[in-house]
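Sequence lines set the chain letters: A, B, ... in the order given, protein chains first and strands last, and positions in each chain run from 1.
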Number of protein chains: 2
Amino acid sequence: MASAKPSTSGINPDRADHCRVVGAVLDRIGDKWTIMAVSVLTDGPARFTTIMREIGGVTHRMLTLTLRGLERDGLVTRTAYATVPPRVEYELTELGRTLTTTLIPLAHWSEANWQTIRAAQDQHDARSEPALAD
Amino acid sequence: MASAKPSTSGINPDRADHCRVVGAVLDRIGDKWTIMAVSVLTDGPARFTTIMREIGGVTHRMLTLTLRGLERDGLVTRTAYATVPPRVEYELTELGRTLTTTLIPLAHWSEANWQTIRAAQDQHDARSEPALAD
DNA sequence: CAGAATCCGGAACGATACTG
DNA sequence: CAGTATCGTTCCGGATTCTG
């Protein structure tokens, strides 16, 4: 399927193709709840409410949808124990674990440069909206 | 300002904090048009229409918004030449270039596993919606 | 050629309530 | 405790038009 194009500099061999794929994947795992859920699960299996509390600020519904999506993508497994108080555990699959590996550099970059970005935004905003300053 | 927490396994030192940051960054650069625009610019400076054609399927408006966002984040620079047919060039900043570096592993992962994900989705869908088969 | 402004349909998200 | 269903809102994204 993938043609045998030599990878020149990494991301831009034939942009049209690669961008689509990366875009498609990012479209799945790119939303913030997904990233956060995956991050929590990096630590090991966790129950629904545990994940919800760890993330904080996520609604019941959104976490459910997020986890269902991850399950569908084969990135996490869902294990329901038929106990009286229902208990469901989510865990990263092998594939999910390889993803977190890939995500780590991005996490580091985010942490390292997030303030720089913020600063750039402030500068830009200051230039664009001097009206707010009164 | 970041506390001197030892990074245990990479992404999960104190989830709440790190997830926020990564989530925030992903919220900015995570959408597909942004990723694609950055990918195109990895090749070097490019003009508006060039980027639009390279990406394909993006509307005038969305590309404008995307590029403005990137400019605001300090990831790309915008240079307008006051020629008769207006000509605007976009180029990655140094910060933008460090981001692409981080993105490369993710691109590889996407390429390597996108089919696996697709397959997992198909399996999952087949189990969930056997009704459509008729 | 590049961008701003406007309008509109649909998807995403949140809050709530009910089930097992 | 975990999940589903429904409803209302908000916001994103696309098509169009106009300007410099």
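- Taking the 5' to 3' direction, DNA chain D first and last meets chain B under 4.0 angstrom from a heavy atom at D:dG13 to D:dG20.
- Of the possible polar contacts, none joining the A:Ser110 side chain to the B:Val21 backbone as a donor-acceptor pair under 3.5 Å is found.
- The minimum heavy-atom distance linking A:Tyr90 with A:Leu41 is given by the pair O-CD2, 3.4 Å.
- Judged purely by atom type and a 3.5 angstrom limit, B:Thr64 uses its side chain to pair as donor or acceptor with the backbone of B:His60.
- With DNA chain C read from its 5' end, the first of the two nearest nucleotides for A:Trp33 and A:Pro86 is the one closest to A:Trp33.
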Any protein N or O atoms within reach of nucleotides 4-10 of chain C? Criterion: under 3.5 Å, listing atom names and distances.
{"unit_1": "C:dA4", "atom_1": "OP1", "unit_2": "B:Arg68", "atom_2": "NH1", "d": "2.2"}
{"unit_1": "C:dA4", "atom_1": "OP2", "unit_2": "B:Arg68", "atom_2": "NH1", "d": "3.0"}

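- Within the structure, the side-chain hydrogen bond (donor to acceptor under 3.5 Å, both in side chains) test picks out the following pairs touching residues 77-88 of chain B (sequence neighbours left out): B:Arg87-B:Glu89.
- Among the heavy atoms of the strands, none lies under 4.0 Å from A:Tyr81.
- By the 4.5 Å heavy-atom criterion applied to side chains, B:Trp109 and A:Leu99 are counted as neighbours.
- One atom, CE of B:Met62, and another, C1' of C:dA2, lie 16 Å apart when rounded to the nearest Å.
- For the pair B:Ile29 and B:Ile35, the tightest heavy-atom approach, listed with the atom from each and the gap, is O-CD1, 3.2 Å.
- Proximity of a side-chain donor or acceptor of A:Arg97 to a complementary backbone N or O of A:Leu92 within less than 3.5 Å is detected.
- Between B:Leu67 atom CG and C:dC1 atom P the separation is 16 Å, expressed in whole Å.
- Whole-Å rounding puts the A:Leu63 CG to C:dG14 P distance at 11 Å.
- Looking only at distances, a side-chain donor or acceptor of A:Thr93 sits under 3.5 Å from a matching main-chain atom of A:Gly96.
- Distance CD (B:Glu89) to C1' (C:dG3): 17 Å, rounded to an integer number of Å.
- Between B:Arg47 and C:dA2 there is a side-chain polar atom (N or O) within less than 4.0 angstrom of OP1 or OP2.
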